[in-house]
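No hydrogens, no waters, no symmetry mates; every other heavy atom, side chains included, goes into these values. Just so it is clear, the model here is predicted, and its values are computed rather than measured. Proteins get letters first, then strands, A, B, ... in listed order; numbering begins at 1 in each.
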Amino acid sequence: MSSVNRETPPHGGRAGMKKDLPERFRDYRHVWVFIELERGEVHPVSFELLGEGRKLADKLGVELAGVVLGPTGEASWQAVAQAFAYGADLAYIVESPLLVDYRNEPFTKAMTDLVNSYKPEILLLGATMRGRDLAGSVATTLLTGLTADCTQLDVDPDGSLAATRPTFGGSLLCTIYTLNCRPQMATVRPRVMPLPQREEKPVGRVIQYKLSMLEDEIVTKVLAFLPDTQSVKANLAFADVVVAGGLGLGGAENLQVVTKLARTLGAEYGCSRPLVQKGWMPAERQIGQTGKTIRPKLYIAAGISGAIQHRVGVESADLIVAVNTDPNAPIFDFAHIGITTDAIRFLPALTEAFTRRLSPHSRDKLAS
Amino acid sequence: MHIIVCIKQVPDSAQIRVHPVTNTIMRQGVPTIINPYDLFALEAALSLRDIVGGEVTVLTMGPPMAEDALRKALTYGADRAVLLTDRFFAGSDTLATSFALSQAICKIAEAFGPPDMVFTGKQTIDGDTAQVGPGIAKRLGLLQLTYVAKIASLNLDAHEITVERRAEGGMQMLKTKFPCLITMLEGTNEIRRGSLDDALRAARSQIVKWSAADAGIEDLSKCGLRGSPTVVKRVFAPASRAVKAVQIDTADKLLRDLADELIAAIFARRPALEHELAFEGA
Ligand SMILES: Cc1cc2nc3c(=O)[nH]c(=O)nc-3n(C[C@H](O)[C@H](O)[C@H](O)COP(=O)(O)OP(=O)(O)OC[C@H]3O[C@@H](n4cnc5c(N)ncnc54)[C@H](O)[C@@H]3O)c2cc1C
Ligand SMILES: Nc1ncnc2c1ncn2[C@@H]1O[C@H](COP(=O)(O)O)[C@@H](O)[C@H]1O
């Protein structure tokens with residue numbers, strides 16, 4: 001998905017024709033999910049993908065496998081156990097001291113060797129920095145297709161992976177197929193798919209695989225890892241209530257109507273992309289396809305038009321409230337409650353009203 | 001040192017409009033810009049050149065009008081610009097794009113000297129995959145450093161480079177050898193203004209224009225639509241929710257009353273929120 005004129009769909013005839021699949025790919029089966037393990041922790045996007053992968057595998061009548069590439073020992077086996085708990089039937093594990101920190105060379109080698117040996121038909125990775133770094137190398141090595149940042153995955157009746165993502169410019173989505181190549185690869189951003197139910201399961205099958213690489217063959221060395229200090233990043237994606245502002249707020253000086261409401265509600269605040277581009281808010285506050293995906297209980301959008309790239313980042317909110325002066329703004333197509341009014345004037349009134357309504361309650365709570 | 005920077009000309013996204021009836025993108029008259037992420041790559045390359053000497057070649061694959069983006073890059077101080085343009089490239093996905101660009105890089109190496117480094121942006125704002133950089137690296141057999149926040153040091157004799165790379169949950173300090181491919185993280189620097197000299201030079205410069213054949217690409221089946229394993233099967237507008245947003249009637253109301261009404265509507269739908277909010281707000 002990267003060139004000049006990809007929005008024009010080619011003549012339908014070429015698409016999704018599994019019968020044209022070359023002989024050597026016919027025995028590619030099963031759905032794989034890359035389990036991202038770093039510093040002893042599995043990235044939650046891996047669990048979200050297992051949930052999605054489970055659905056695809058069930059539709060195809062195949063198995064779901066988690067792929068753990070990690071250091072020798074405990075942490076990697078923990079990740080395997082977690083993969084089972086989130087729905088995997090089996091797990092591939094490559095344990096090696098070379099896989100302690102993420103580096104492109106050994107991870108690409110491990111993944112491509114595994115794919116060539118065990119032949120999955122679908123390979124899903126999180127669209128994290130690590131997942132994207134790896135996916136690009138693996139897809140190019142295997143000369144197969146890769147659809148980045150999908151927001152929906154499905155299998156169509158002939159068994160092909162239908163990967164849907166927003167397309168450039170305007171409020172459109174496109175569904176992309178990988179023809180004549182296997183595996184079909186896709187990346188999905190964190191929080192786009194729901195976290196599946198965790199179920200302690202008796203262990204599944206485990207296939208151990210040996211990395212055929214030596215440290216001497218790896219040019220890139222990790223000299224140090226400097227962990228981030230507590231940042232807003234995680235908070236926004238996992239917040240229960242989010243208030244966000246868009247270009248409709250007119251200027252940086254008006255952003256305080258958003259931050260004040262957020263503070264009153266104990267909420268996180270965010271923004272649409274143009275505000276980041278203008279330098280009004282830092283990039284980690286951006287919500288949407290190229291920013292954070294959020295799944296709050298309540299989302300209040302002020303002065304945001306609701307372009308598709310914004311919509312895909314907020315659609316899973318339980319309740320969406322939109323404040324916009326334009327009654328025809330696209331955001332009202334997917335918001336639950338709309339209010340056609342000037343956000344700059346309305347938000348302070350809303351902040352006050354919430355304060356009035358909530359403060360007696362909170363006093364009761366404190367007293368009891 | 002010879003550095004190649006891959007840049008892409010993209011429509012200025014903020015100004016893209018969708019036709020309200022046909023749901024197609026209205027391209028006419030939409031201004032184009034250099035993909036904003038690529039400017040961080042370009043500046044990183046120019047600064048490196050300014051320190052250690054050498055040349056910066058900018059490369060783009062695109063329609064003939066992409067020449068404008070290259071000329072702009074020359075005004076910032078790039079030394080040479082190459083435009084890879086051919087109708088055979090139309091419809092390229094990431095795999096086909098990285099093929100064409102890697103072939104062009106080989107040709108640049110032949111014509112103007114092998115690169116010590118290739119830079120790309122983190123991602124484009126239209127394709128937006130962040131995969132073309134890793135794709136080029138793999139095809140050329142270059143080591144890849146993605147999401148680089150800072151080039152910490154360079155050892156020219158040992159061909160060693162140390163960078164700070166953004167990773168999940170922290171910063172990795174990585175040391176590797178060049179030639180390598182670097183994708184620069186956004187916000188790491190700001191593109192320079194460009195000198196008057198550069199502007200004059202850019203206006204006079206000949207931009208190198210290569211067709212697929214000129215770039216030495218023999219196997220056209222690896223290019224464009226034919227070389228793209230992925231196809232766009234369907235383009236569609238997202239469904240509206242079954243019911244559109246319930247609008248709070250604003251006619252002749254005080255803001256204060258409107259706000260109370262909205263809050264009542266929120267809690268009517270999500271009663272549990274009232275307690276959670278009260279608790280958090282305390
Ligand atoms: C590849 C790509 C990725 C993208 N990724 C993202 C992303 O991750 N996140 C994102 O948000 N966008 C993203 N975008 C941009 C997206 O397409 C839109 O351009 C953007 O979301 C629009 O932001 P906005 O709604 O704030 O501004 P506008 O579209 O300009 O909307 C402003 C709205 O405010 C309303 N308004 C004006 N005045 C007032 C007022 N006083 N009170 C209330 N309302 C008012 C207007 O009616 C209008 O609806 C992406 C675009 C591309 C091409
Ligand atoms: N057509 C192109 N011409 C030159 N460089 C490109 C092209 N497409 C992508 N790139 C480079 O690859 C990076 C990642 O692009 P993408 O994978 O589309 O997000 C961009 O920031 C550019 O540096």
Side-chain angles (χ1 to χ4, degrees), chain A residues 1-7 9-10 14-16 38 104 128-130 132-133 136-137 140-141 144-145 148 168-179 181 219-228 264-266 319 332-341 349-350 353 357-358 361-362, chain B residues 14 16 18 25 62-63 90 92-94 97 126-127 129-132 134-135 138-139 143-144 146-147 167-177 229-238 240-241 244-248 250 255-256 259-260 262-263 265 269-270 273 277-282:
Chain A
M1 269 306 296
S2 152
S3 130
V4 260
N5 46 8
R6 292 232 86 205
E7 309 90 24
R14 262 187 92 224
E38 187 144 328
N104 180 269
T128 57
M129 280 170 273
R130 181 172 33 212
R132 285 171 149 208
D133 185 281
S137 302
T140 314
T141 311
T144 191
F168 168 62
S171 292
L172 298 173
L173 295 160
C174 61
T175 302
I176 295 175
Y177 286 73
T178 293
L179 302 181
C181 293
V219 182
T220 306
K221 308 289 174 199
V222 181
L223 302 182
F225 185 88
L226 316 164
D228 291 334
T264 302
L265 297 177
L319 187 64
F332 292 132
D333 291 343
F334 61 95
H336 301 94
I337 304 178
I339 181 155
T340 306
T341 191
L350 186 61
R357 172 120 185 194
L358 298 175
H361 275 278
S362 45
Chain B
I16 279 269
V18 174
I25 292 153
S92 298
D93 71 355
T94 40
T97 302
D126 58 348
T129 73
Q131 302 297 351
V132 167
K138 187 44 77 185
R139 289 192 180 269
L143 295 159
Q144 103 186 21
T146 52
Y147 306 104
E168 264 73 44
M171 216 42 118
Q172 272 186 330
M173 284 282 280
L174 291 178
K175 184 159 103 177
T176 197
K177 297 242 180 199
T230 61
V231 302
V232 179
K233 193 179 180 190
R234 202 159 77 89
V235 178
F236 59 102
S240 293
R241 280 208 211 272
K244 269 197 138 198
V246 171
Q247 287 281 350
I248 307 260
T250 54
L255 283 178
R256 181 192 160 110
D260 284 336
L262 175 59
I263 292 171
R269 282 169 178 255
R270 300 271 153 191
L273 268 177
L277 287 179
F279 186 68
E280 288 194 28

Heavy-atom pair with the smallest gap, counting every atom of [X] and [Y]:
X	Y	result
A:Gly145	B:Thr230	CA-CG2, 3.7 Å
B:Pro134	A:Ser137	CB-N, 4.1 Å
A:Cys174	B:Val232	CB-CG1, 3.8 Å
B:Leu277	A:Leu265	CD2-O, 3.7 Å
B:Ala259	A:Ala353	CB-CB, 3.6 Å
B:Lys233	A:Tyr177	CD-CE1, 3.1 Å

Can you tell me how far the [atom1] atom of [X] sits from the [atom2] atom of [Y], to the nearest 0.5 Å?
X	Y	atom1	atom2	answer
B:Ile263	A:Leu358	CD1	CG	7.0 Å
B:Arg234	A:Thr175	CZ	OG1	5.0 Å
B:Thr176	A:Lys221	OG1	NZ	9.0 Å
B:Met171	A:Phe225	CE	CZ	10.0 Å
B:Lys138	A:Thr141	NZ	OG1	4.0 Å
B:Arg256	A:Leu350	CZ	CG	13.0 Å

For this session: Just give me the residue among B:Gln172, B:Arg270, B:Gln247 that pairs up with chain A most often, heavy atom to heavy atom, under 4.5 Å.
Result: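 Highest number of heavy-atom pairs under 4.5 Å: B:Gln247.
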
Exercise. Pick from B:Gly169, B:Gly135, B:Ala167: which one has the most heavy-atom pairs with chain A under 4.5 Å?
Worked result: B:Gly169

For this session: Output, in order, the C-alpha distance, side-chain angles, deciding distance and verdict of side chain to side chain contact (heavy atoms under 4.5 Å, CB included) for B:Val231 and A:Ile176.
Result: CA-CA 5 Å; B:Val231 302; A:Ile176 295 175; over 6 Å; no

For this session: Using atom types as modelled and distance alone, determine if a side-chain donor or acceptor of B:Gln144 lies under 3.5 Å from a backbone N or O of A:Asp133.
Result: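 Such a contact is found between B:Gln144 side chain and A:Asp133 backbone.
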
Exercise. Has the side chain of B:Glu168 got a donor or acceptor atom that lies under 3.5 Å from a matching backbone atom of A:Arg130?
Worked result: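 At least one qualifying donor-acceptor pair exists.
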
For this session: May I ask you to name which of A:Ala335, A:Ala224, A:Pro227 has the most heavy-atom pairs under 4.5 Å with chain B?
Result: A:Ala224

Exercise. Given the rule in the side chain to side chain contact (heavy atoms under 4.5 Å, CB included) test, do A:Met129 and B:Thr146 qualify, once you have shown the distances and angles that lead to the verdict?
Worked result: CA-CA 8 Å; A:Met129 280 170 273; B:Thr146 52; over 6 Å; no

Exercise. By a 4.5 Å heavy-atom criterion (distance strictly below it), what part of B:Leu174 contacts chain A: side chain, backbone, both, or neither?
Worked result: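 Both backbone and side chain of B:Leu174 come within 4.5 Å of chain A.
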
Exercise. Checking side chain to side chain contact (heavy atoms under 4.5 Å, CB included) for the pair B:Arg269/A:Ile337: CA distance, chi angles, key distance, verdict?
Worked result: CA-CA 10 Å; B:Arg269 282 169 178 255; A:Ile337 304 178; 3.8 Å; yes

Problem set entry | Side chain proximity check, B:Lys244 to A:Asp333, heavy atoms < 4.5 angstrom | yes

Exercise. What part of A:Thr144 gets closer than 4.5 Å to chain B, counting heavy atoms only: side chain, backbone, both or neither?
Worked result: backbone

